[in-house]
Each structure stands twice: as structure tokens, then as C-alpha cells.
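Note sheet for the following structure.
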Amino acid sequence: MDKWLNFGVLQTSKLAYQLTKPMLFAKSAQEAHKAILRVLVRLDASSIAQVAIRQLYQATFKPHPVTVGGVDLPHPFILAAGFVKGHGFESEHDALIAGRHHNIIPGWRTMPNLVGVVEFGSFTRHPRMGNDGVVIWRDIETHSTQNRVGLKNPGAVGASAFLAGRKADLPTVFGINIAPSPGVDDLEQEKSDILDSISAFITRGVRPAWFTLNLSCPNTEDDPSSHQTEAKTRMLCRAIQDLLAHETNNTIPLWVKISPTLSDVQYRVLMRVFADEGVSAVIATNTIPLPTPDNPSVMAGVGGGKLHDHAVRVAGLLMDEKRTYGYLVDVIGCGGIQDPISYQHFRQHGIVVAQYWSGMIFKSPLMAGTILAELEHNA
Ligand SMILES: Cc1cc2nc3c(=O)[nH]c(=O)nc-3n(C[C@H](O)[C@H](O)[C@H](O)COP(=O)(O)O)c2cc1C
């Protein structure tokens, strides 16, 4: 009976979203995104709305406990980084002042209550305004998103101070995604920026269930692959692990997010580095850089349908490495998961836990619950 009730609630919420979608899709992807963020600010402020949203979550997401990368999750789906990441600011001072009076991270309260598990960020050491102009697109036919938001965010200090002031309302399980500072060439500077970013959260008592090192943002002016060389990845992972050992007694695991455009050799090398350095999980993958619809000479990261096959292939290759060498690094699938079939493509490689972003727009905000319910319904 429970199963049918859960299925019914999901079908109703799916239908409700299908009715709302034409309104949302009548706007450009960027305008729609902004409109959603404005709604999230209002919802975050309303305790009554949060109770209702939590009830919707409980009615739709049946518990499917699973452990990945050293973290116990209530179910195998995580809202990927980039949705709950906050506004951009010119300076840390501006971000701190704004965070005292306003909601600078729309969705920080609503999204975890609505979908359960969320990876916040990416956050960089200093705030960033991101790129100008049109930076988000959608392709309805292939269910793909494209963005060159350019790591717009309040910076690690602004974000951690804002979240620290709301500790009582933070979810029990969430992740924080940290990205290297774009444009910083000096390796020591880059390392210290990343360590300072992580410390900003820990010292303010904002303790996520995991930190993700995002080595793969394709939307800034620097070379996206340069972060993913063997020596650099090893150096950064080791430094973070030392910090986490020292400041959290190894209670917060490290995950790494990689891009879908590396060579097979590079993936094999990276997987060995992750295993050597005690990285608990690798998220495969971030978006794939492709020409934008407005200007073919400008590249931007594509997620959703067009990314799916690439991400599945990379995730499968990493799983093969894990099995062959017995690496203790879990693989988390990310790329075009929008329904039971696309999720099954990762499952066929033995991958259980998935991250998603685009599916939430094309299917419904409760897409993950729907996939779980449909799999159970058809079992
Ligand atoms: C508008 C937008 C912003 C994003 N920002 C980030 C980010 O800041 N950090 C990150 O690691 N990934 C970011 N991503 C990538 C997603 O986390 C995800 O890896 C990607 O969209 C692939 O998943 P999907 O196919 O389900 O969309 C962003 C994606 C979109 C669409």
C-alpha cells in the first residue's frame, strides 16, 4: 500500500511540474534559473514552507540507505554542485556584510529539505562575480544544459560565515565542493587557497559529510585540464588529506570531481593517485566543454543528455581500474541521469550512487525520488 501511495504522490508531483514547466521554459534558461533562485530565497525564509517541503520529501523519497566514499546516505542520489552555490561578490568584505542581512546562498535550506542530499558550491578562496552576459543555455531536444557561469560564488569565507550562522538548520548530510582559484599559476598559492577554503568551513564549525575537490571546472579562462595532471593532483590531494587529518582527525572524507575529456591513460593514472592518497570517492564527471549556441568560438560546459555517454564511459573505465587493482576509491556517476534507464547505465558498471543537475530541470525537482520509486514499482 505504502509503495502505491509513494508512487501516487510522485506521479502527482511529476504532473504538477509538467504543468509548471511551460511557464519556466517560456523564459530563457538564464532567466528561468534566476526566477528559481528568487523563489528559493522566499522559501528558505519560510519555516512553514520548509515543513511542507520536508513532508513532500518524506512522501516521495523512500529510504534506500547506502554508503559511498565514507559517507552514509539516506538514498543513492545527490544534487550535484552548482545549484546551491550562492551569489557572486566583488570582495570578501561585501560577501560578509551581505550575508549578515540577506540570503546569499539561495536554496541552502529548501533544496536539502526537498531532495535530501546536496553538494554545496563550488566555492573558491575569494568571491567571484563569474562571467558576463548569457552564461546558461538549455537544449530541450537532448535534455542538455550548458553553462559558463564561471564559478560565481561568495567565496569560502563569505559562504562559511553565512552557513555558520544557520547551523541549526543545516542538513545532517551535505557536501561542500571547493574549486581552485582560477587564474592562479603559482602552485603553492593554489594549494594554500584550497587549504584556506577548507579551513574556513571547519574553523567556523560548518562540518560537511565530505569535501569535494573540483579539479574540473571548464568554465573559467584557465586551462581546465591543467589541474588534473598526476603531480598536481597528488600534491593537492596529499595537502588536503594532511589538513583533514590534523583538523578533523580524518572524520571528513575527501572526494574529487574530474572532467570527461581526459585520455584513458590519464584516468588510469589519476585513479592510482586517488588510491595512493586515500581519496574516498571520485565523481565522474563534470560537464563537457562544447561551443555555445550564441558563439561557436566560445566554449561552455554541457551537462545532461549530451554528456551522458561520455560520463558513463569514464565512470566505467574508473570502475574497471578499481576492480583490477582493488582500489578503495568509490566511483560516483554524474552525467545525464534523468530516468531509470540513464541511471541503470551507471549501475551496469556497478555504480550505485549518482549525482544529477540537468534532470532536475527537464524532469522534475523530485526526479531522484521518481527514479527510485519507478525502479521499485517495476521490480
Ligand atoms: C548552471 C550550472 C552550474 C554548475 N556549476 C558547477 C560548480 O560550480 N561546480 C561543479 O563541480 N559543478 C558544477 N556544475 C556541473 C554539475 O555539478 C554536473 O557535474 C553536471 O551538470 C553534469 O550533471 P548533469 O548531466 O546531471 O547535469 C554546474 C552545472 C550547471 C548546469
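Indexing begins at 1, ligand by ligand and atom by atom, following the structure's order. What you are looking at is a predicted structure, and each value in this text was computed from that prediction instead of being measured. Worth knowing before you read on, the calculation uses all heavy atoms, side chains too, and leaves out hydrogens, waters and symmetry mates.
- Atoms of ligand 1 lying under 4.0 Å from any heavy atom of G304, numbered from 1 in the order shown and given with element: 24 (P), 25 (O), 27 (O).
- Side-chain atoms of H310 and T285, non-hydrogen and from C-beta on, never get closer than 4.5 Å to each other.
- Residues R313 and D264 are paired through a salt bridge, judged by an N-O separation under 4.0 Å between the basic side chain and the carboxylate.
- Close approach of ligand 1 to T145 is summarised as follows: ligand atoms under 4.0 Å from at least one heavy atom of the residue are 31 (C).
- Checking E247 against S199 by side-chain atom types alone, a donor-acceptor pair falls below 3.5 Å.
- With a 4.0 Å cut-off on non-hydrogen atoms, N147 touches ligand 1 through its side chain and not its backbone.
- Using a 4.5 Å heavy-atom cutoff, the side chains of P74 and Y57 are in contact.
- At least one heavy atom of T285 sits less than 4.0 Å from an atom of ligand 1.
- Each side-chain hydrogen bond (donor to acceptor under 3.5 Å, both in side chains) pair with one or both residues in residues 349-364, not counting sequence neighbours, appears once here: E119-Q355, T145-S358.
- Taking only non-hydrogen atoms, the option from A311, A81, G303 nearest to atom 28 (C) of ligand 1 is A81.
- Electrostatic pairing of R125 and E92 counts as a salt bridge here, judged by a charged N lying under 4.0 Å from a carboxylate O.
- The option with the heavy atom closest to atom 12 (N) of ligand 1, from among K257, H33, Q146, H143, is K257.
- Annotation: cation-pi pair R138/F25 present, NZ/CZ under 6.0 Å from the ring centroid and within 45° of its normal.
- Checked by distance only, ligand 1 and Y356 stay at 3.5 Å or farther apart across all their nitrogen or oxygen atoms.
- Close contacts of ligand 1 with L307, meaning ligand atoms under 4.0 Å from a residue heavy atom, involve 22 (C), 25 (O).
- Contact atoms of ligand 1 toward G336: 24 (P), 25 (O), 26 (O) (distance under 4.0 Å to a heavy atom of the residue).
- For the residue pair T110 and N113, no side-chain donor N or O sits within less than 3.5 Å of a side-chain acceptor on the partner.
- Checked by distance only, ligand 1 and T287 stay at 3.5 Å or farther apart across all their nitrogen or oxygen atoms.
- Taking a cut-off of under 4.0 Å to the non-hydrogen atoms of K85, the atoms of ligand 1 that pass are 5 (N), 7 (C), 8 (O).
- If you number the atoms of ligand 1 from 1 as listed, the ones under 4.0 Å from a heavy atom of C334 come out as 18 (C), 19 (O), 22 (C), 23 (O).
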